[in-house]
Amino acid sequence: MEAVLLPKSWNVDQILDDLDQHGFSIIDDAYSSEYIHQLVEECTSHLNQFRDAAIQNGIVSNIRSDHILWLHEELKISHQHTKTLYTLAEQFNRAFYLGINNVEAHFACYNSGEFYALHRDNPQGKNGRIISAVYYLHEDWQDDWGGELRLQDKNDQWHTLQPKPNRVALFQSDLLHEVLKAKHQRLSITAWLRHNDSIL
Ligand code: OGA
Ligand code: MN
């Protein structure tokens with residue numbers, strides 16, 4: 001993947017330290033307002049293509065009720081974010097020898113009443129996901145709109161994180177977490193910095 005620079009607000013030393021100490025890290029004010037506007041436009045103009053995340057290979061699960069759209073290179077604006085995460089992954093590889101060689105990502109939309117119950121993104125180290133990165137791209141969020149990310153850190157402490165606009169939540173994909181029921185439309189890009197055997 002083509003190299004891009006990290007935005008100035010991404011403090012790599014702090015992120016590496018947080019991940020090392022707690023297994024998660026938060027980046028606020030991640031992108032410029034111009035970029036956010038373009039991203040919101042790209043996301044909301046494709047909402048009619050989102051599908052039920054609960055249905056996979058024809059099997060319906062009841063642990064989540066959000067809607068998703070996998071990113072691809074034609075979604076040019078969001079692809080920039082994927083490339084930025086790839087640059088960050090190279091720093092993780094350098095610091096922690098993680099062997100990340102791929103980033104997969106989807107838009108997610110939680111309408112009012114939708115949630116994602118307790119889960120791990122990589123339960124038994126089986127699927128190659130190493131770090132989860134959730135970027136919140138709705139332009140406004142109030143504290144009483146629900147939709148918090150609840151996460152158990154690597155020292156078993158629980159944290160309740162607001163899906164604040166322009167925030168990235170990074171966490172180890174093996175950690176237990178959930179998305180509480182949203183009371184307003186909640187838009188995000190969920191990405192996984194992962195290891196793919198097939199492209200090694
Ligand atoms: C997920 C997830 C967290 C969030 O998509 O797997 O846990 O805050 N998302 O959206
Ligand atoms: Mn998850």
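Each residue takes its place number in the sequence, starting with 1. Since we're looking at a predicted model, the values are computed, not measured. Every number for a ligand or one of its atoms is a count from 1 in the order of the listing.
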Exercise. Over 60° means perpendicular and under 30° means parallel, so classify the ring planes of H106 and W70, tilted if in between.
Key: perpendicular
Quiz item: Looking just at side-chain N and O atoms, do S9 and D29 make a donor-acceptor pair shorter than 3.5 Å?
Solution: no
Practice problem: Can you tell me, to 10 degrees, how wide the angle at the Mn ion (ligand 2) is between NE2 on H119 and NE2 on H177? | Solution: 90°
Quiz item: Would you say H119 contacts ligand 1, with heavy atoms under 4.0 Å as the rule?
Solution: yes
Quiz item: Mind checking whether Y135 and H81 have parallel, tilted or perpendicular rings, split at 30° and 60°?
Solution: tilted
Self-check item: Per-atom contacts of ligand 1 with T190, taking only distances under 4.0 Å to non-hydrogen atoms
Solution: 1 (C), 5 (O)
Self-check item: atom 1 (C) of ligand 1 - nearest protein heavy atom and its distance
Solution: Y116 CE1, 3.7 Å
Quiz item: Would H159 and F24 count as a close aromatic pair, with their ring centres under 6.0 Å?
Solution: yes
Practice problem: Pick whichever of L180, V179, I189 has a heavy atom sitting closest to atom 3 (C) of ligand 1. | Solution: V179
Quiz item: Does any N/O atom on Y136 come nearer than 3.5 Å to any N/O atom on ligand 1?
Solution: yes
Quiz item: Just which atoms of ligand 1 are under 4.0 Å from any heavy atom in H177?
Solution: 2 (C), 7 (O)
Quiz item: What about R186: any of its N or O atoms under 3.5 Å from an N or O on ligand 1?
Solution: yes
Quiz prompt | D121 N/O to ligand 1 N/O under 3.5 Å | solution = yes
Exercise. Output yes when a side-chain donor or acceptor of H119 lies under 3.5 Å from a complementary backbone atom of A117, and no otherwise.
Key: yes
Quiz item: Has the side chain of N93 got a donor or acceptor atom that lies under 3.5 Å from a matching backbone atom of I100?
Solution: yes
Quiz prompt | Name of the D121 atom (N/O/S only) found closest to the Mn ion (ligand 2) | solution = OD1
Practice problem: Could you tell me whether R186 and E114 make a salt bridge, using a distance below 4.0 angstrom between a side-chain N and a carboxylate O? | Solution: no
